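First the structure, in the form of structure tokens, and then the observations on it.
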Amino acid sequence: MDAAAHFGHRLRTVRKAHKLKIGQLADKVDIGVKHLGRLERGEKHPSFELIMNLAQAMNVSPATFFEFESFEDDPRILRKDFDQLLAGRDAKQLHHARRLLAVFFNS
């Protein structure tokens, strides 16, 4: 999968997580539904301005669209990733994360 396809997949995932239909998001950023569909399928490359508008419309960082799945095998790097995810979290958030991990590993 190339970068445009990864971007499009991530865009679709974020849109659906925000419970937006493709037409709703297209209206918010003032583009056609077909164009947005092409972006989500990785057939078109978005402009910088469009990336910024999409992020603003869904109230996310533009970087969100570039958080592609990586399949890292090195446990040290994976632990570092976990540390970064948990850095700056308060006690309540850490307890919640611990409970989720416990459910996942004990199931």
Side-chain angles (χ1 to χ4, degrees):
M1 195 179 309
D2 68 358
H6 280 294
F7 177 90
H9 182 269
R10 186 72 178 135
L11 173 59
R12 179 179 286 134
T13 300
V14 173
R15 175 180 60 79
K16 288 183 175 187
H18 283 83
K19 297 182 179 6
L20 288 171
K21 295 187 185 278
I22 194 167
Q24 292 172 310
L25 181 58
D27 287 343
K28 283 185 169 207
V29 296
D30 196 30
I31 62 171
V33 174
K34 287 184 180 184
H35 183 63
L36 184 55
R38 289 181 188 115
L39 289 170
E40 289 188 351
R41 290 188 300 276
E43 297 169 1
K44 292 288 183 179
H45 297 253
S47 67
F48 177 76
E49 182 180 5
L50 181 53
I51 293 169
M52 297 302 291
N53 290 341
L54 289 164
Q56 184 176 15
M58 292 188 278
N59 197 29
V60 298
S61 167
T64 302
F65 303 125
F66 298 95
E67 295 171 355
F68 305 148
E69 291 290 322
S70 64
F71 300 99
E72 182 58 57
D73 291 332
D74 187 336
R76 294 171 297 182
I77 294 174
L78 291 169
R79 280 188 173 73
K80 186 182 255 187
D81 287 346
F82 273 105
D83 288 344
Q84 288 175 346
L85 284 171
L86 297 174
R89 305 293 179 196
D90 62 27
K92 184 177 180 181
Q93 292 171 318
L94 291 170
H95 283 291
H96 185 70
R98 184 186 171 284
R99 282 194 306 270
L100 287 172
L101 286 172
V103 167
F104 177 76
F105 288 119
N106 293 328
S107 60

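In this text, all values refer to a predicted model and were calculated from it rather than measured experimentally.
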Using a 4.5 Å cut-off on heavy atoms from C-beta on, say whether the side chain of [Y] contacts that of [X].
X: Leu11; Y: Leu36; value: yes
X: Leu94; Y: Arg98; value: no
X: Leu20; Y: Lys16; value: no
X: Gln24; Y: Lys28; value: no

- prompt: Which atom pair, heavy atoms only, marks the closest approach of Glu40 to Ile22?
  reply: OE1-CD1, 3.8 Å

query: How far apart are the closest heavy atoms of Leu50 and Pro46, and which atoms are they?
result: CD2-CB, 4.2 Å

If I take atom [atom1] from residue [X] and atom [atom2] from residue [Y], how far apart are they, to the nearest 0.5 angstrom?
X: Asn53; Y: Phe48; atom1: CG; atom2: CZ; answer: 10.0 Å
X: Ile51; Y: Phe65; atom1: CD1; atom2: CZ; answer: 8.0 Å
X: His96; Y: Arg99; atom1: NE2; atom2: CZ; answer: 6.5 Å

Exercise answer: donor-acceptor pairs, residues 55-64 side-chain atoms, under 3.5 Å, sequence neighbours excluded:
{"residue": "Ser61", "atom": "OG", "partner": "Ala63", "partner atom": "N", "Å": "3.2"}
{"residue": "Thr64", "atom": "OG1", "partner": "Ser61", "partner atom": "O", "Å": "2.9"}

query: Would the number of heavy atoms belonging to other residues, nucleotides or ligands and lying under 6.0 Å from NE2 of His95 be above 12?
result: no

- request: Step through the shown structure and confirm whether more than 12 heavy atoms of other residues, nucleotides or ligands are within 6.0 Å of CG on Asp30.
  value: no

message: Among residues at least two apart in sequence or on other chains, which ones pass side-chain hydrogen bond (donor to acceptor under 3.5 Å, both in side chains) with Arg41?
response: Glu43

task: Look at the side chain of Arg10 and the backbone N and O of Phe66, then say whether any donor-acceptor pair between them is shorter than 3.5 Å.
output: no

